[in-house]
Amino acid sequence: MTRVALIAAVTLALAACGGSGHARGKPLVIVVNAPFSRTPYLGRTIENGVRLAVGEVNAAGLRVGGTSYELRVQTKDSALSPARAVSNVRSAADEHAVAVVDEGTGIDASWRVARGLPICIVFAGGAGAVDPATRPNVFRIAPTDHGVAFRLAEYLIPKHLRIALLHDDSDYGAAGASALGAAFSQNRSSVAVDETVPADALDLGPQVLRARRAHATALLVWGRPATIASAIAAARSSGWDVPVFAPPTGADPFVRQQLADHPSWVNGLTFAGGRLTAEVGPGPFTSFEQRYEGAYGVDRVGVKTRAGQQVLEPPETAMYAYDFVNLLAAALLKAGSIDPGKVTRALEEVTTEGANGDERAFNRSNHEGVVDDDVYFARFSDMTYAPVKDDPLSATLPTIDQTR
Amino acid sequence: MKTFALLPLSFALVLVLAACELDDKDKEGLKKDCSAPPPALKSAPQLPGNFPRAQGIVYTGVKKDGPTTIASGYLAQTIGPAHDTYSDAVKGAPGYSVTKEEQDAADAEVNFAGGGNTGQVKLLQTCKARTSVTITIRPA
């Protein structure tokens, strides 16, 4: 591990030595395709992760095939609309962008109009989105729905809970429903009820009541942050203290903002997400977080702890976006070209150290950057979360500070 | 500009120190004599998808967590050879491939796909000459 850390140190040192802070070269655009207008936190954190890496790459200097380049960032709002997301990717290809960092909406169509341009998904984990054989230009650095759903099944089924599976009718919820269906297919007796609910519904009282009447002893809500908040509100306001489980959207600041008037309702919410720290410990992630905050400030959740401390959101999705840009820079150097096909192939051959200290890499048969076994569980208490102690992986992970 | 240049260097220093601290802890474990190994299962379990049996593996347990099968055991090897043993076993098994692998000072991971499943072999050297093995197998 020392070797990896030393490589990182040398890389950073070189970046510092070579960086004039005014990199000059031919512009090379990375497009960030994200729902800035619909889920502003998500869009902004992806953009910031990309910008942080771009700043570091430019400071080190990027010379590809004898030409100096300067990476630039262009944002395009998908508004969670597949049609708009596809249009954004088409224009990115038309404008000769070098890559797209994508939230994932519309990927089933956008990969095709990209005309070979590398696209990296950093949020949506749906099955089929990434397939090196049929979609060679699509990569992902984010937990997969398969990994999240199976890890949740592994965690919950041995507890002998009767689980109400609620998933909303958004693309995200539908993909989750499919993944949960597979994960619980061998253990249907653990499922009390399996129901689709309207995305962003303000009142999920009737659906939650049906779950209660089905003698559920746990709610697993897979949907947008608003759906998770509504389900919790419906359960707690009816006096039902049922444990609630969620995919990574459970940690979205919007859930806590919506429940800010009843902070105790958030207590006990458990979500599955990609581990923030690697075996090397919290050092690399903390270092990344400090650089992120130094550049863009902290991501405030907009709620406070009982002691009055501001609650912050660790830059998890930003980390994935950051890691992809570093892989892209390494691939450009390896390819010695900005040709999309050559860069895509080079992305299968390079390895970098990720922001959390783990290796990031793809290969010919695997374009997934986060393995299923890196999905952990964290539980909320007093508006912040900590890894649970009753899961072997989670129990080994440190708690990342979320207050100032 | 000088301040900017110093920042990455200080972060680099933090990284190196953090890694060194972990390496020291790991190395302590690697030097320890091994206590008696956990008892072996009477017969090797039949793992889903005909998951390959690596040369020298001693199985000590197998359980189901919901849809997932988790087998545990050990190899009487240090981490490097143990990693090679499992990497070779997976690569050599019909229909199986290694999707990602990684090795650190005392631990290694071999992620795989095959036999209708995906999963991970997690290896951790806990003493001088033994590496614990945890195999997680999930339906793909």
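So that the names make sense, note that chain A is the first sequence line, chain B the second, and so on, each numbered from 1.
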Nearest heavy-atom approach of B:Gly66 to A:Asn187 is C-OD1, 3.6 Å
Do NZ/NE/NH1/NH2 and the carboxylate oxygens of B:Arg138 and A:Glu154 come within less than 4.0 Å?
-> yes
Let me know if B:Thr118 has heavy atoms under 4.5 Å from chain A in its side chain, its backbone, both or neither.
-> side chain
More than 12 non-hydrogen atoms from neighbouring residues, nucleotides or ligands closer than 6.0 Å to CD on A:Glu349, yes or no?
-> yes
Electrostatic pair A:Glu279-B:Lys122, nearest N-O below 4.0 angstrom = yes
Gap separating the CG atom of B:Asn111 from the CG atom of A:Asp374, nearest 0.5 angstrom | 8.0 Å
Separation between OG1 of B:Thr99 and CG of A:Asp372, rounded to the nearest 0.5 Å | 9.0 Å
CG (B:Asp88) with more than 12 external heavy atoms under 6.0 Å = yes
Is there a side-chain contact between B:Glu101 and A:Glu359, using heavy atoms and a 4.5 Å cut-off?
-> no
Smallest separation among heavy atoms of A:Pro158 and B:Asp65, with atom names = CG-OD1, 3.7 Å
Got B:Lys100 and A:Val371 here, is their nearest side-chain heavy-atom distance under 4.5 Å?
-> yes
With side chains defined as the heavy atoms from C-beta onward, is the minimum distance between A:Ile157 and B:Pro67 less than 4.5 Å?
-> yes
Cut-off 4.5 Å, heavy atoms of chain B, and the answer for A:Asn363 is side chain
What part of B:Ala140 lies closer than 4.5 angstrom to a heavy atom of chain A: side chain, backbone, both or neither?
-> backbone
